[in-house]
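Read through the structure below, which is laid out as structure tokens, and then see the notes.
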Amino acid sequence: SQLAEENPWALSVHEGESVTVNCSYKTSITALQWYRQKSGEGPAQLILIRSNEREKRNGRLRATLDTSSQSSSLSITATRCEDTAVYFCATDSSGSWQLIFGSGTQLTVMP
Amino acid sequence: ETAVFQTPNYHVTQVGNEVSFNCKQTLGHDTMYWYKQDSKKLLKIMFSYNNKQLIVNETVPRRFSPQSSDKAHLNLRIKSVEPEDSAVYLCASSAGTGVDTQYFGPGTRLLVL
């Protein structure tokens with residue numbers, strides 16, 4: 001079973017709208033990362049938020065982390081067509097060598 | 001800016017053949033990884049290689065083996081490919097392990113006929 005899972009599975013918005021992707025995880029973590037994978041490319045990190053942080057921003061992106069409910073969200077404001085991608089959350093199980101990726105949310109931004 | 005390079009981009013082969021994929025990183029990182037990504041975009045870690053220490057995901061079949069000449073290179077060899085090996089294989093690197101940011105290459109798409 002997945003240790004991290006995003007929802008919804010897919011989202012469609014129009015350019016300029018805001019969108020939020022959610023992530024739930026099952027273990028204690030050191031940090032949670034959000035990655036984006038565009039078609040034909042490898043994933044690229046967007047934000048890393050540590051377990052002692054509640055919010056992190058990167059331009060139009062805002063990530064939150066709630067360790068009590070083991071959940072995180074990634075919000076994108078003023079979306080653009082180039083934001084179309086699969087968005088993954090990834091967690092390290094504390095002390096583990098692995099970064100565990102969720103199953104991803106496909107975001108489509110339409111003109 | 002690409003700093004993790006993978007070759008080939010795409011490979012088609014027959015069941016039972018041996019294939020080898022190359023990965024090189026120019027970031028000076030100590031750890032490299034191989035992931036398998038299936039058609040549903042699910043990413044599964046296969047191997048981690050750090051300072052000549054190999055960590056293997058126990059679910060990886062024995063026909064898969066990583067090969068490293070130095071910390072900048074980690075290749076993947078598959079002996080006797082099977083249809084279920086069709087996937088995108090992604091190489092990544094990081095400064096350390098665990099929570100460190102991972103930098104991915106563009107992937108090698110394998111199709112086994």
Side-chain angles (χ1 to χ4, degrees), chain A residues 1-6 8-11 21 23 25 27-53 56 58 63 65 72 84-108, chain B residues 1-10 21 23-25 27 29-51 53-60 66 87-109:
Chain A
S1 63
Q2 289 293 106
L3 293 180
E5 196 167 312
E6 299 86 348
W9 180 74
L11 273 175
V21 178
C23 170
Y25 58 92
T27 65
S28 61
I29 61 172
T30 305
L32 183 142
Q33 303 182 42
W34 284 96
Y35 284 79
R36 174 171 66 190
Q37 184 177 23
K38 296 186 177 182
S39 181
E41 299 179 6
Q45 190 202 63
L46 300 173
I47 291 180
L48 184 154
I49 183 165
R50 298 191 181 273
S51 58
N52 62 352
E53 297 175 308
K56 201 87 171 274
N58 178 8
L65 181 64
S72 175
T84 293
V86 179
Y87 289 79
F88 295 97
C89 63
T91 61
D92 66 299
S93 180
S94 292
S96 169
W97 61 280
Q98 296 182 35
L99 193 60
I100 307 297
F101 284 78
S103 50
T105 291
Q106 173 66 61
L107 172 65
T108 302
Chain B
E1 184 183 346
T2 305
V4 180
F5 303 90
Q6 291 187 241
T7 57
N9 295 325
Y10 192 74
F21 304 146
C23 179
K24 170 187 171 180
Q25 54 98 1
L27 296 165
H29 286 165
D30 287 331
T31 307
M32 295 184 73
Y33 311 83
W34 276 103
Y35 286 84
K36 179 181 180 181
Q37 186 170 43
D38 65 21
S39 58
K40 296 182 180 178
K41 299 291 186 181
L42 207 58
L43 273 164
K44 289 201 168 176
I45 182 76
M46 301 177 72
F47 305 101
S48 166
Y49 200 80
N50 172 273
N51 288 328
Q53 181 191 13
L54 174 65
I55 304 178
V56 181
N57 185 326
E58 63 272 10
T59 65
V60 174
V88 176
Y89 291 87
L90 289 157
C91 176
S93 73
S94 66
T97 59
V99 75
D100 285 352
T101 300
Q102 294 189 12
Y103 295 82
F104 285 81
T108 293
R109 184 177 295 275

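Labels below follow one simple rule: chain letters A, B, ... track the order of the sequence lines, proteins then strands, and each chain is numbered from 1.
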Working to the nearest 0.5 angstrom, can you tell me the gap between [X] [atom1] and [Y] [atom2]?
X        : Y         : atom1 : atom2 : answer
Leu99(A) : Ile45(B)  : CG    : CD1   : 8.0 Å
Lys41(B) : Phe88(A)  : NZ    : CZ    : 7.0 Å
Gln45(A) : Phe104(B) : CD    : CZ    : 10.0 Å

**OP:** Please report the shortest heavy-atom distance between Gln33(A) and Val99(B), naming the atom on each side.
**Re:** NE2-O, 2.8 Å
Original post:
Which heavy atom in Pro43(A) sits nearest to a heavy atom in Leu43(B), and how many Å separate them?
Top reply: CG-CD1, 4.0 Å
Original post:
So, Tyr35(A) side chain and Gln102(B) main chain: donor-acceptor pair closer than 3.5 Å or not?
Top reply: yes
**OP:** Side chain from CB out, backbone as N, CA, C, O: work out which of these in Ala44(A) comes under 4.5 Å of a heavy atom of chain B, or both, or neither.
**Re:** neither
Subject >> Structural part of Gln106(A) lying under 4.5 Å from a heavy atom of chain B >> reply: neither
**OP:** Select one option (side chain, backbone, both, neither) describing which atoms of Asp100(B) are under 4.5 Å from chain A's heavy atoms.
**Re:** backbone
Original post:
Relative to chain A, which segment of Ile55(B) carries a heavy atom at a distance below 4.5 Å: side chain, backbone, both, or neither?
Top reply: both
**OP:** Evaluate side-chain contact (heavy atoms from CB on, under 4.5 Å) for Gln37(A) paired with Leu90(B), printing each intermediate quantity in order.
**Re:** CA-CA 12 Å; Gln37(A) 184 177 23; Leu90(B) 289 157; 4.1 Å; yes
